[in-house]
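Notes to accompany the following structure.
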Amino acid sequence: MAWTQADIERAKANYAKGVLKLHLSNGEEVTFADGDDMLKRIRVMEAEASGLPLGRSRVSYARTGRGL
């Protein structure tokens with residue numbers, strides 16, 4: 001599913017309030033078993049929205065020269 005940034009922000013706000021229901025922008029309603037379940041789904045939503053595979057992070061290394 002394509003998550004919107006509004007869905008992610010709404011999920012985070014609900015998590016912070018302890019609310020386990022989430023109304024998505026496409027009209028669906030999701031009820032989570034507990035806070036841990038909701039937090040895992042938020043992480044999945046963020047990973048999918050960023051285009052990164054779940055469980056992977058982007059690493060970049062600084063390139064430096066000798067300054068000459």
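Heavy-atom basis, side chains included; hydrogens, waters and symmetry copies ignored. Positions are given from 1, in the same order as the sequence printed here.
Taking CE of M38 as the start and CG of L22 as the end, the distance is 5.5 Å to the nearest 0.5 Å. Atoms OG and CE, on S50 and M45 in that order, are 12.5 Å from each other to the nearest 0.5 Å. For the atom pair CD of E9 and OG1 of T4, the computed distance is 9.5 Å after rounding to the nearest 0.5 Å.
Nearest approach of G35 to L20, heavy atoms of both residues: N-CD2, 3.8 Å.
Judged by distance alone, the side chain of R10 and the main-chain N or O of L24 form no donor-acceptor pair under 3.5 Å. Side-chain N or O atoms of D7 include none that pairs as donor or acceptor with a backbone N or O of W3 at under 3.5 Å.
When the salt bridge (Lys or Arg N to Asp or Glu O under 4.0 Å) test is applied to E29, the partners found at least two apart in sequence or on another chain are K21. Listed by chain and residue number, D34 satisfy the side chain to side chain contact (heavy atoms under 4.5 Å, CB included) test with D36 (two or more places apart in sequence, or in another chain).
Both F32 and L39 belong to a common hydrophobic cluster when Ile, Leu, Val, Met, Phe, Trp and Tyr are linked at side-chain heavy-atom distances under 4.5 angstrom. No chain of hydrophobic side-chain contacts below 4.5 Å, direct or via other Ile, Leu, Val, Met, Phe, Trp or Tyr residues, connects I42 to V19.
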List the steps, then state whether salt bridge (Lys or Arg N to Asp or Glu O under 4.0 Å) holds for E46 with K12.
CA-CA 11 Å; E46 290 176 324; K12 287 180 178 181; 2.7 Å; yes
